[in-house]
There are 2 protein chains.
Amino acid sequence: MPALKRLSTSDADFSVRLDALLAFENAQNSAVEQTVAAILDDVRTRGDAAVLHYTRDFDRLSANALAELELPRATWMQALAALPGEQRTALETAARRVREYHEHQPLQSWQYEEPGRTEEDGAVFLGQKVTPLDRVGLYVPGGKAAYPSSVLMNAIPAKVAGVGELIMVVPTPGGERNPLVLAAAALAGVDRMFTIGGAQAIGALAYGTETVPRVDKIVGPGNAYVAAAKRRVFGRVGIDMVAGPSEILIVCDGQTDPDWIAMDLFSQAEHDELAQAMLLCPDLGYLDRVAASIERLLPAMPRRDTIFAALENRGALIAVRDLEEACELVNRIAPEHLELAVTDADIWVDRIRHAGAIFIGAYACEALGDYCAGPNHVLPTSGSARFSSPLGVYDFQKRSSLIRVSPAAARTLGEVAATLADGEGLAAHAASARYRVKG
Amino acid sequence: MPALKRLSTSDADFSVRLDALLAFENAQNSAVEQTVAAILDDVRTRGDAAVLHYTRDFDRLSANALAELELPRATWMQALAALPGEQRTALETAARRVREYHEHQPLQSWQYEEPGRTEEDGAVFLGQKVTPLDRVGLYVPGGKAAYPSSVLMNAIPAKVAGVGELIMVVPTPGGERNPLVLAAAALAGVDRMFTIGGAQAIGALAYGTETVPRVDKIVGPGNAYVAAAKRRVFGRVGIDMVAGPSEILIVCDGQTDPDWIAMDLFSQAEHDELAQAMLLCPDLGYLDRVAASIERLLPAMPRRDTIFAALENRGALIAVRDLEEACELVNRIAPEHLELAVTDADIWVDRIRHAGAIFIGAYACEALGDYCAGPNHVLPTSGSARFSSPLGVYDFQKRSSLIRVSPAAARTLGEVAATLADGEGLAAHAASARYRVKG
């Protein structure tokens, strides 16, 4: 049984202990950063040759030309066709539901014309035009952390946004491919796929090489090298968030089968020894019952060692005064996943300001959201739900402001702009505006 | 007369020369980074005391307590009241117009209920809830780059979004305050103001100190130290883009007074010796006329040295085959500001995919947009309009996914999720979903 921390908001040192539990720094390792900087420079300078070099060294995969590492669509389609029926149906259902949900998200262009309050004001036309990104790179990890669900969650919003070309990179160490990942790519609308990975793949996407086209944004999870490379090319290309370990916070009023709650905590903890799983409940006896469920259920879990470590490292059962206090704590923690396993859960949703995804009621377990409910499973971690959002179609679109003024409006606005430009000591700005006043 | 580069798309080396012109790297200076890292660590550890220390050293401003560096609202209101009438009216007009435009931007929550295609499917309720950020920090530079317009452009979208508390920091070296900046803060709805700056101010906002409350996001321009500090605290708080030098790209068909175009180029070039001002035109004779206007108008400009340097460093007059080709180049360059000084400009807007702001027609000069047309003047630079957007209300809001499932839907979806979780080897995910299938 893991020594799961027990906290109570009535403890004198509660706040300090909670902060210690939440503390997580995406430490930037300087050895990793130097290695990554060198790889990126090399890829930028030598292009294909550098990517081939690192792929041979790191992934034990040799090729005479980078084009040989492009996996043709026929190969992914075969992987899809070869899936067992139940798996294929499940993957198709998930893809359909994720697509349907994301079709509610696209931003729309908007515009309006001000007639001008007086005739002298003149008409002004203003707005924002929304455009999809031209080309996006999707990083998919190789090995054990290769999740087909992650391919769906990253690729589908990009294609719903209308991204012109979606380039997937996935390392295949020693040539070993994950058929579920290939099948998911086929379903999700990926356009091209290269079996490269690591910082060299991020460099190829960010700078472009003879063979790999340069993209405008790179999304998708990866190890410390991939994360460092993404941080480094940020600005030249867009990137999604650099994610921390996954988290679940459950608020329960004590009316749910404790086995359900224990298993929901496991479902987060099994990801990673640094994953965070916490439960808030006003009923002390219920916290004991969940602890007993954890003890009983854990030994049978295939990933019990990871779960054990995660619960011991960063897990907690927290006694709260009441559900009001629980909601205040939720807002302080700003969890990636929030389960509201409470009666009349809808009422409590209104109290929540900060959470990546809110699972309402005991039937909405996080696992449904991870795979097939529809919403994205790429969510803000480490408290960043205070200021950021789930990955969505809007991450693959951007806006351009639109400004058109009539000659009369240019006169009125030109005077205002010139006065302000004079105040800032920017004479050319003022003169440019005044030409239109006179014009 | 600056040796303004002349390019033509018909030159054999055009593409290489254009790339060289566009090249700009936000070089990350390691001496700056080390200094900033040390300051941030110190602020994080020692709080107020560290901020006071650096403010005394760098800004020659001493205080016994950080609270003394909070500037009370009455002081800003006095600055507003003391403005000359014309300046006050101009600032108020700009604030009103910026607010009206941004009121078109707020994201709205949305939700829908799927009845389920069959009775077994069960109902699923999905959506996204939009919430404003709780607290935002606004960095405003001191000294010559202190622009009241920048206060309006950063503060107003935050307040339109409904941000609870907007904390402005502005260094006042030697105690010198900029009354226009204070007046703009009063008009824009800033909640609190501290006269601190540099990396120490970014640290205070990101970590919080005894006196400065911790914020959720930091926006606003700053020098290399401020930019490095923002990059470093990114993740712990949100940040806006780290901006490169400002840019204008003008497409002209040769029908606009060349003095207007020359002055528009100046209005960008006067910002900074690294600012970029370029003109695309199919009419070679017109390019000569603009060059002549530049030569004639430049000597009278107060900032002629900066303009000269910027035009010589990174300016260009570029001959294109026709307007179609000009639009292709625009999309390749993805400029911060685009002026379409062409007949029937509306038609050409449809060809533009990548630009921060599009000024349609010769009367819509950039200076109007910089101050008072309404759209934001904080725009993506260095080609990042390929993947990012103008600052807006949406940057001060974020989304939480909503998921509620009926018991019947939990059965259907639970089977799908469990199948996929099995495929990924995540047994606790599968078990969590299967509890709901049986439940």
Side-chain angles (χ1 to χ4, degrees), chain A residues 86-87 90 93 101 126 131 133 147 180 216-217 235 238 260 263-264 266-267 270 301-302 353 355 357-361 363-365 367-369 371-375 386-390 398-405 407 410 413 416-417 419-420 423-424 427-429 431-433 435-436, chain B residues 26 86-87 90 93 101 126 131 133 147 180 216-217 238 260 263-264 266-267 270 301-302 353 355 357-361 363-365 367-369 371-375 386-390 398-405 407 410 413 416-417 419-420 423-424 427-429 431-433 435-436:
Chain A
E86 193 193 17
Q87 247 177 9
T93 302
Y101 176 83
L126 300 171
T131 335
L133 274 58
Y147 295 138
L180 270 167
D216 301 303
K217 186 166 189 167
W260 291 23
M263 195 56 74
D264 293 358
F266 289 179
S267 76
E270 75 176 336
M301 302 312 299
R353 294 198 311 283
I358 305 174
F359 296 82
I360 307 166
Y363 280 88
C365 64
L368 302 185
Y371 290 107
C372 60
R386 290 182 294 116
F387 54 84
S388 56
S389 300
K398 41 39 177 218
R399 306 161 170 98
S400 301
S401 302
L402 301 176
I403 302 157
R404 189 183 65 212
V405 296
L413 293 180
V416 175
T419 301
L420 294 171
E424 294 185 352
H429 284 70
S432 164
Y435 276 141
R436 274 73 176 187
Chain B
N26 247 321
E86 194 193 17
Q87 246 176 11
T93 302
Y101 175 84
L126 300 171
T131 335
L133 274 58
Y147 295 138
L180 269 167
D216 301 303
K217 185 167 189 167
W260 291 23
M263 195 57 73
D264 294 358
F266 289 179
S267 76
E270 73 176 338
M301 301 313 298
R353 294 197 310 283
I358 306 174
F359 296 81
I360 307 165
Y363 280 88
C365 63
L368 303 185
Y371 291 107
C372 60
R386 289 182 293 118
F387 55 84
S388 56
S389 300
K398 40 44 177 212
R399 306 163 171 95
S400 301
S401 302
L402 300 176
I403 301 157
R404 189 183 64 213
V405 296
L413 293 180
V416 175
T419 301
L420 294 171
E424 295 185 352
H429 284 70
S432 164
Y435 276 142
R436 274 74 178 185

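We name chains A, B, ... by the order of the sequence lines, and we start the count at 1 in each one. Computed over heavy atoms, backbone and side chain alike; hydrogens, waters and symmetry mates excluded.
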- Item | chain B contact via A:Leu413 - side chain, backbone, both or neither, heavy atoms under 4.5 Å | both
- Query: What distance separates A:Leu133 CG from B:Arg386 CZ, expressed to the nearest 0.5 Å?
  - Reply: 8.5 Å
- Item | Residue pair B:Arg436 / A:Tyr363: nearest heavy atoms and the distance that separates them | CG-O, 3.5 Å
- Query: Given that the side chain runs from C-beta out, which part of B:Ser389 has a heavy atom under 4.5 Å from chain A: side chain, backbone, both or neither?
  - Reply: both
- Query: Any idea which heavy atoms bring B:Ser400 and A:Arg353 closest together, and the distance?
  - Reply: OG-O, 4.3 Å
- Using atom types as modelled and distance alone, determine if a side-chain donor or acceptor of B:Ser432 lies under 3.5 Å from a backbone N or O of A:Met263. no
- Note on the structure: Of all heavy-atom pairs linking B:Gln87 and A:Gly423, the shortest is NE2-CA, 3.7 Å
- Message: Looking at chain A, which one of B:Cys372, B:Pro302, B:Ala373 has the largest number of heavy-atom pairs inside 4.5 Å, strictly under?
- Response: B:Cys372
- Which one of A:Ala90, A:Ala410, A:Gly361, A:Gly369 has the most heavy-atom pairs closer than 4.5 Å to chain B? A:Ala90
- Task: Specify which of B:Ala355, B:Cys365, B:Ala357 makes the most heavy-atom pairs with chain A at under 4.5 Å.
- Result: B:Cys365
- Looking only at heavy atoms, what is the nearest atom pair of B:Ser267 and A:His429, with distance? O-CE1, 2.6 Å
- Item | Pick from A:Ala433, A:Ala431, A:Pro407 with the largest number of heavy-atom pairs that fall under 4.5 Å of chain B | A:Pro407
- Go through B:Glu270, B:Arg404, B:Lys217 and name the one with the most non-hydrogen pairs under 4.5 angstrom from chain A. B:Glu270
- Kindly assign one of parallel, tilted or perpendicular to the pair B:Tyr435 and A:Trp260, based on the angle between their ring planes and the thresholds 30° and 60°. parallel
- Message: Heavy-atom pairs under 4.5 Å with chain A - which of B:Leu402, B:Ile358, B:Val416, B:Thr419 has more of them than the others?
- Response: B:Ile358
- Note on the structure: Applying a strict 4.5 Å limit to non-hydrogen atoms, the region of A:Thr131 in contact with chain B is side chain
- Task: Examine whether an atom of B:Ser388 lies under 4.5 Å from a heavy atom of chain A, and if so say whether it belongs to the side chain, the backbone or both; otherwise answer neither.
- Result: backbone
- Does A:Phe387 have any ring-ring contact (aromatic ring centres under 6.0 Å, His included) partners at least two apart in sequence or in another chain, and if so, which? none
- Query: Are A:Leu368 and B:Ile403 close enough that some pair of their side-chain heavy atoms sits under 4.5 Å apart?
  - Reply: no
